[in-house]
Amino acid sequence: MKKVIGAVYPGSFDPITNGHIYIAERAAGLFDELTVSILTNPQKQSTFSVEERKTMAREALCHLPNVKVDSFAGLLVDFLRRQKSRIIVRGLRALSDFEYEFQLAQMNRQLAPEIETLFIVTDARYSYLSSHAVKDIFNFGGPVQDMVPPGVFRRLRERFPRFDGEKV
Ligand code: ADP
């Protein structure tokens with residue numbers, strides 16, 4: 001019987017951007033199954049609820065049949081063990097991501113030596129893109145429709161009705 005290789009792509013995804021989608025597409029091409037997993041962290045203030053983030057991610061990734069969207073609370077390595085997965089996928093934008101990602105990967109290795117963290121380098125189009133930047137730009141009335149999927153753009157307009165996100 002063929003062994004199914006599954007990987008987990010964890011993050012806040014608050015909200016999912018075209019940069020996240022790019023990483024999910026690349027990872028979906030490498031593994032049999034990919035779980036995009038949204039971290040539930042009551043300590044961290046989020047713009048969208050976990051349910052909203054899940055819905056937006058599901059809509060944005062519905063073209064990838066081997067990708068599912070889930071959420072987790074607690075330690076990431078415990079979630080992977082429950083999923084019977086041994087691979088964490090993370091995206092790298094710039095050198096500035098590296099230090100944080102390196103520390104996270106080392107910590108997860110300390111906690112679970114059997115689990116591997118794999119990094120996928122982003123496309124140049126998305127190297128400046130983050131959920132935080134999208135929200136900031138949108139809040140100041142800047143155009144974000146090329147940075148996020150349509151469902152996210154629509155919800156941003158609902159959430160922040162003061163701006164329509166189309167003004168420059
Ligand atoms: P967190 O809040 O866990 O830092 P995010 O939800 O913003 O993370 O991102 C999850 C993962 O996706 C991280 O590995 C992050 O580096 C990566 N990522 C975020 N934006 C991009 C992008 N534009 N291109 C590639 N990877 C990205």
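Both counts, for ligands and for their atoms, begin at 1 and track the order of listing. Residues take their numbers from the sequence shown, with the count starting at 1.
Through direct or relayed side-chain contacts under 4.5 Å between Ile, Leu, Val, Met, Phe, Trp and Tyr, L92 connects to F119. Within the hydrophobic cluster formed by Ile, Leu, Val, Met, Phe, Trp and Tyr side chains joined at under 4.5 Å, directly or through other members, L104 is accompanied by Y100.
No path of Ile, Leu, Val, Met, Phe, Trp and Tyr side chains, each step under 4.5 Å between heavy atoms, connects L75 with V36, placing them in separate hydrophobic clusters.
With salt bridges taken as basic N to acidic carboxylate O contacts below 4.0 Å, one links R90 and E101. Classification of K54 and E51 as a salt-bridged pair holds, one side-chain N sitting under 4.0 Å from a carboxylate O.
The side chain to side chain contact (heavy atoms under 4.5 Å, CB included) check on V4 picks up D32, E33, with sequence neighbours excluded.
Protein residues lining ligand 1, listed by chain and number: Y9, P10, G11, S12, F13, G19, H20, I23, K44, R90, G91, R93, D97, E101, T122, Y126, L129 [non-hydrogen atoms, distance under 4.0 Å].
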